[in-house]
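Heavy-atom basis, side chains included; hydrogens, waters and symmetry copies ignored. Protein chains get the first letters and strands the later ones, always in sequence-line order, with residue 1 at the start of each.
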Amino acid sequence: MIQALRGTRDILPEEVGYWQLIEATVRETLGRAVYQEIRLPIFEQTALFERGIGEATDVVGKEMYTFSSRGDKSITLRPEGTAGVVRAFIQNKLHAQGGVQRLWYTGPMFRYERPQAGRQRQFHQVGLELLGCDAPRADAEVIALATDILQRLGLKNLELDINSVGNGADRAQYRAALINYLEPYQNDLDEDSKDRLMRNPLRILDSKDPRTQEIAQNAPKITEHLSLESKKHFDTVLNLLSNLNIKYQINHCLVRGLDYYTHTAFEIKSDDLGAQATVCGGGRYDGLVKELGGPETQAVGWAIGMERLVLLLQQLKSNPVIAPELYIVSRGEAAEAQGLILAQKLRNAGFAVELDLSGSAFGKQFKRADRSGAVACLVLGDAEAESKSVNLKWLASGEQQAIAQSDLLGMSQELKVKIAGLKKP
RNA sequence: GCGGGCGUAGCCAAGUGGUUAAGGCAGUGGUUUGUGGUACCACCAUUCGUGGGUUCAAGUCCCAUCGUCCGCCCCA
């Protein structure tokens, strides 16, 4: 048997209701904030990610699906969305429209990793980018939209962690201070952290190794090494969040894994997900547009992991099912033909109609009608076919009434009201 | 990439070397050939993820492989 590749998954009808709920909530919430959807290619030139995300990051270093296409061009399945949005922003000269660009996207991303709960090789994100604004209000708006979406989905037990990684100069200065602090402890650090000491010392703060954590505890904090301007930006963002009644905690160890982040970095986490706890991650990336060849453009954004959101929603509510309102039971050649026509007409009139195609005994068809969750049956046998009528049977009460087929559509308003009243919530 | 757990029908499972692989849900047929929801009856794995091996005998032990889950790592 040929099966789906490791780390990929089928999303079956029993699960897809959650996805649709998330998509509808995102579309509505972001629509109200006047963000525009953007749809982008799933693969790009490898150089886009190498330059955008950073050569030293794990994502670029060991997790990309990279291959050469005919003609030797190196292409990569996108491991995240921001680099592509920025590429499109530059290529289509969206900056020429002036003002800010508010964009969102959704779709599959690809990273070659060991699969785990909440972690696939093909996974899905919905993400948002606000380009062309350096005001702290932009950071706050973007974070508020993320918490809105999660709240409207009914999710509880979420925590917002926030930190500032400053601008390039702040970071260089902090990096030196951190290395200076860590060097005496070099031999006490875990293996990964030793490797990172020169390459990417900020990530050491994130280590889960107990001894390393102990050392990191007393490390200098980046917020103490920010320039006045950076500090002011961070404080303002925090203030604005408080004004919006958004609870946060400053996490001095929060350092995101992609190189392009500047100033604000944040994560929304859940305790109900195991090791892959981050539902939403994002931050400001003031240097990326320029780095990729565009004009100097400040920007801020985030991405939400859809699979992780689905996992949380599944703990909260059952999958919305699509039940028919009307179920058509028919038997006999003429009746079956008429049933098909009625089904089409009723569907066009706005009813959810399931047609029993089995041709089996009436008893069996009624049994299926029951299980389908339908409110009423339309029954057609030889007698009804002969008289061009139909038996309308209400399944809860068992009441039946004979109706001329030609009268059925004229009654549709009345039927809709009655069905709505009888529908199971 | 590293370490560990698991893999019996569509789903949940019992089974711990002795030969017919429990049970439940779902499904199909019947009691009921024009009327359902209940009940009862029957059917539903020559086979235990896959491939090798050990043994007189393997779902049960060993090896490999695939998948899945947990942790590391990474991140959404």
If you look at every strand shown and take non-hydrogen atoms under 4.0 Å, does [X] touch a base, only sugar-phosphate, or nothing?
| X | answer |
| --- | --- |
| A:Arg9 | nothing |
| A:Gly118 | base |
| A:Gly398 | base |
| A:Lys62 | sugar-phosphate |
| A:Gln365 | nothing |
| A:Arg114 | base |
| A:Gly281 | sugar-phosphate |

task: Would you please test A:Asp170 and A:Ser230 for side chain to side chain donor-acceptor pair (under 3.5 Å) and show each step?
output: CA-CA 8 Å; A:Asp170 299 340; A:Ser230 297; 2.5 Å; yes
- prompt: Do the non-hydrogen side-chain atoms of A:Arg87 and A:Leu292 ever get within less than 4.5 Å of each other?
  reply: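 Counting from C-beta outward, A:Arg87 and A:Leu292 never come under 4.5 Å.
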message: I'd like to check A:Arg6 versus A:Pro115 (side-chain heavy atoms, cut-off strictly below 4.5 Å). Are they in contact?
response: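 Yes, their side chains come closer than 4.5 Å.
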Taking only the [atom1] atom of each, what is the distance from [N] to [M] in whole angstrom?
| N | M | atom1 | result |
| --- | --- | --- | --- |
| B:A22 | B:A14 | C1' | 6 Å |
| B:G49 | B:A21 | P | 15 Å |
| B:C62 | B:G23 | C1' | 31 Å |
| B:C25 | B:U20 | C1' | 24 Å |
| B:C70 | B:C11 | C1' | 23 Å |
| B:A9 | B:U47 | C1' | 10 Å |
| B:C12 | B:G17 | C1' | 27 Å |
| B:G7 | B:U32 | C1' | 43 Å |

Roughly, in whole Å, what's the span from [atom1] in [X] to [atom2] in [N]?
| X | N | atom1 | atom2 | value |
| --- | --- | --- | --- | --- |
| A:Glu399 | B:G36 | CD | P | 17 Å |
| A:Arg111 | B:C73 | CZ | P | 16 Å |
| A:Glu354 | B:G36 | CD | P | 19 Å |
| A:Gln120 | B:U68 | CD | C1' | 11 Å |
| A:Phe110 | B:C75 | CZ | C1' | 16 Å |
| A:Ile149 | B:A76 | CD1 | C1' | 14 Å |
| A:Gln116 | B:C2 | CD | C1' | 13 Å |
| A:Gln213 | B:C72 | CD | P | 11 Å |

Between [options], spot the one nearest the side chain of [X], thanks.
| X | options | value |
| --- | --- | --- |
| A:Glu384 | B:U35, B:G34, B:C75 | B:G34 |
| A:Lys364 | B:G36, B:G30, B:C75 | B:G30 |
| A:Lys393 | B:U35, B:G29, B:A26 | B:U35 |
| A:Ala117 | B:G34, B:A26, B:C70 | B:C70 |
| A:Arg203 | B:G36, B:G29, B:C75 | B:C75 |
| A:Phe366 | B:G36, B:A76, B:C73 | B:G36 |
| A:Arg119 | B:C75, B:G36, B:C72 | B:C72 |

- prompt: Under the ring pair (Phe, Tyr, Trp, His ring centres under 6.0 Å) rule, what pairs show up with a residue in residues 32-57 of chain A, not counting sequence neighbours?
  reply: none
What N/O pairs connect the protein and nucleotides 64-67 of chain B at under 3.5 Å? Give each pair on its own line.
from: B:G67; atom 1: OP2; to: A:Arg6; atom 2: NE; distance (Å): 3.4

So, [X] and [Y]: side-chain donor and acceptor under 3.5 Å apart, yes or no?
| X | Y | answer |
| --- | --- | --- |
| A:Glu129 | A:Thr82 | yes |
| A:Thr57 | A:Asp259 | no |
| A:Arg368 | A:Gln365 | no |
| A:Glu159 | A:Gln249 | yes |
| A:Trp19 | A:Glu15 | yes |

Residue whose closest nucleotide on RNA chain B lies nearer the 5' end, A:Glu267 versus A:Tyr112: A:Tyr112
- request: Using heavy atoms to find the nearest nucleotide of RNA chain B for A:Pro115 and A:Asp382 separately, return the residue whose nucleotide is more 5′.
  value: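 The residue closer to the strand's 5' end, by nearest nucleotide, is A:Asp382.
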- prompt: Judged by atom type as modelled, is there a donor-acceptor pair below 3.5 Å linking the side chain of A:Arg284 to the main-chain atoms of A:Thr264?
  reply: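 No; zero donor-acceptor contacts below 3.5 Å.
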- prompt: Taking the side chain from A:Gln120 and the backbone from A:Gly7, do they hold a donor-acceptor pair closer than 3.5 Å?
  reply: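 No: the side chain of A:Gln120 does not pair with the backbone of A:Gly7.
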Pair partner, [N] [Watson-Crick or wobble, under 3.5 Å]:
| N | answer |
| --- | --- |
| B:A57 | none |
| B:U16 | none |
| B:U32 | none |
| B:A76 | none |
| B:A9 | none |
| B:U46 | none |
| B:G3 | B:C70 |

Within residues 298-312 of chain A: residues closer than 4.0 Å to RNA chain B (heavy atoms): A:Ala303, A:Gly305, A:Arg308
message: Would A:Lys416 and A:Phe351 count as a cation-pi pair here, with the cationic atom under 6.0 angstrom from the ring centre and within 45° of the axis?
response: yes
- request: Please state whether the rings of A:His233 and A:His263 are parallel, tilted or perpendicular, taking 30° and 60° as the class boundaries.
  value: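 A:His233 and A:His263: tilted rings.
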query: Is the shortest side-chain N/O distance from A:Arg121 to OP1 or OP2 of B:C75 below 4.0 Å?
result: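 For B:C75, neither OP1 nor OP2 has a side-chain N or O of A:Arg121 closer than 4.0 Å.
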